[in-house]
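One structure below.
Everything numeric in this text was worked out from a predicted model, so none of it was measured. In this chain, residues are counted from 1 in sequence order.
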Amino acid sequence: MSADLEHIRQIMREADCLYTESEVEAAIARVGAQINEQLADSNPVVFCVMNGGLIFSGKLLTHLQFPLEASYLHATRYRNETSGGDLFWKAKPEVSFIDRDVLIIDDILDEGHTLGAIIDFCKHAGARKVHTAVLIDKDHDRKARPDLKADFVGLPCIDRYIFGYGMDYKGYWRNANGIYAVKGM
Ligand SMILES: O=P(O)(O)OC[C@H]1O[C@H](OP(=O)(O)OP(=O)(O)O)[C@H](O)[C@@H]1O
Ligand code: HPA
């Protein structure tokens, strides 16, 4: 079934802007500087978590000033819905990272099921150390593992359904150049 584009446009018109483009870009630069300080000598394999991690990964990678290999993996839990289900692997990593440092880049740490499962996968597959970077860490008490924190966080976020900078509303508005909260959600 095709999306109701008028509904999709209305979501953007009525959304609340939580972070402007320049605020997000500043946060990405800050995260980049922290990663440069901490991982410059680690020769990491860097994984973008598709689809949501696409924009943050692309922008963040250009701030990193040391040798690294870049790849992707695709795990999804929401499948274009606004509440999550079981984690489904669409593409597991193909690069070997036995005894390598791994950096996982995703758009959002919400309940944390996705990041937790990816970390477990990397550890089982022999990674020496798994580092994680997320653009947004959503603030609520529904975390799957309360002790699971990302090593590098761009911005905190209130407990609303958000889109932009890679995050979607029903598959749309990943391209929005700010972080927006859906009206009433
Ligand atoms: O912390 P969690 O509650 O697990 O949610 C976070 C995950 O949900 C989104 O992915 P989604 O499954 O929507 O797939 P997508 O990247 O294709 O949007 C997002 O990109 C994270 O990977
Ligand atoms: O708030 C959200 N927005 C978009 N995608 C998401 N995946 C988990 N939480 C969210």
Side-chain angles (χ1 to χ4, degrees), residues 3-40 44 46-66 68 70 72-84 103-115 118 131-143 148-185:
D4 174 353
L5 285 184
E6 186 42 40
H7 168 67
I8 296 297
R9 289 195 180 95
Q10 186 180 359
I11 289 293
M12 181 78 244
R13 278 196 302 272
E14 294 182 344
D16 300 312
C17 181
L18 302 184
Y19 293 109
T20 63
E21 178 181 13
S22 57
E23 289 170 325
V24 180
E25 294 294 330
I28 295 172
R30 272 197 306 276
V31 170
Q34 290 166 4
I35 294 175
N36 279 324
E37 264 179 33
Q38 294 186 38
L39 300 188
V46 179
F47 285 101
C48 167
V49 181
M50 297 294 281
N51 290 308
L54 177 65
I55 293 175
F56 180 42
S57 296
K59 296 201 172 217
L60 182 59
L61 279 166
T62 66
H63 289 274
L64 304 185
Q65 294 155 358
F66 56 85
L68 57 84
Y72 74 95
L73 56 85
H74 194 172
T76 178
R77 202 165 87 75
Y78 288 75
R79 299 198 193 191
N80 293 345
E81 300 298 329
T82 54
S83 63
L103 172 62
I104 303 295
I105 304 178
D106 206 355
D107 51 354
I108 182 167
L109 175 55
D110 191 333
E111 294 178 3
H113 295 280
T114 307
L115 201 60
I118 292 170
H131 312 267
T132 52
V134 295
L135 179 58
I136 295 287
D137 185 359
K138 205 186 270 190
D139 188 17
H140 55 62
D141 58 9
R142 300 186 305 283
K143 301 289 185 193
L148 191 153
K149 312 273 181 226
D151 299 303
F152 305 99
V153 176
L155 294 161
C157 173
I158 54 174
D159 189 14
R160 291 186 61 186
Y161 195 84
I162 59 175
F163 63 85
Y165 267 87
M167 290 169 284
D168 71 302
Y169 173 79
K170 298 191 176 173
Y172 284 84
W173 295 126
R174 294 187 196 274
N175 51 311
N177 66 347
I179 306 241
Y180 295 87
V182 176
K183 182 183 177 187
M185 289 183 78

Are [X] and [Y] close enough that some pair of their side-chain heavy atoms sits under 4.5 Å apart?
X	Y	value
Ile35	Phe66	yes
Phe56	Val31	yes
Leu61	Leu68	yes
Val49	Leu115	no
Ile55	Asp107	no
Asn36	Leu64	yes
Phe163	Val182	yes
Leu60	Val46	no

| query | Short question: side chain of Lys143, backbone of Asp110 - any donor-acceptor pair under 3.5 Å? | reply | yes
| task | With side-chain contact (heavy atoms from CB on, under 4.5 Å) as the test, would you mind laying out the steps for Ile118 and Phe47 before giving the verdict? | result | CA-CA 10 Å; Ile118 292 170; Phe47 285 101; over 6 Å; no
Ignoring hydrogens, what is the shortest heavy-atom contact between [X] and [Y]? Give both atom names and the distance.
X	Y	result
Arg142	His140	N-ND1, 3.0 Å
Leu155	Arg30	CD2-NH2, 3.9 Å
Tyr180	Ala15	CB-CB, 3.9 Å
Ile158	Lys138	O-CG, 3.5 Å
Ala150	Val134	CB-CG2, 3.7 Å
Ala27	Gly154	CB-O, 3.8 Å

| query | Would you call Asp4-Lys170 a salt bridge at under 4.0 Å N-O? | reply | no
| said: Less than 4.0 angstrom from a charged side-chain N to a carboxylate O is my criterion; do Asp16 and Arg160 meet it? | reply: yes
What distance do [X] atom [atom1] and [Y] atom [atom2] have between them, rounded to the nearest 0.5 Å?
X	Y	atom1	atom2	value
Ile108	Leu135	CD1	CG	8.5 Å
Leu103	Cys48	CG	SG	10.5 Å
Glu23	Ile28	CD	CD1	12.0 Å
Leu109	Cys157	CG	SG	11.0 Å
Tyr72	Leu54	OH	CG	12.0 Å
Glu21	Asn177	CD	CG	4.5 Å

| Can you check side-chain contact (heavy atoms from CB on, under 4.5 Å) on His74 and Asn51, steps first, answer last? | CA-CA 7 Å; His74 194 172; Asn51 290 308; 3.7 Å; yes
| Can you list every pair that meets salt bridge (Lys or Arg N to Asp or Glu O under 4.0 Å) and has a residue in residues 48-64, with sequence neighbours left out? | Glu25-Lys59
| said: Check the orientation of Tyr169 and Tyr161. Use parallel for under 30°, tilted for 30 to 60°, and perpendicular for over 60°. | reply: perpendicular
| said: The criterion is side chain to side chain donor-acceptor pair (under 3.5 Å); which residues satisfy it with His63, sequence neighbours excluded? | reply: none
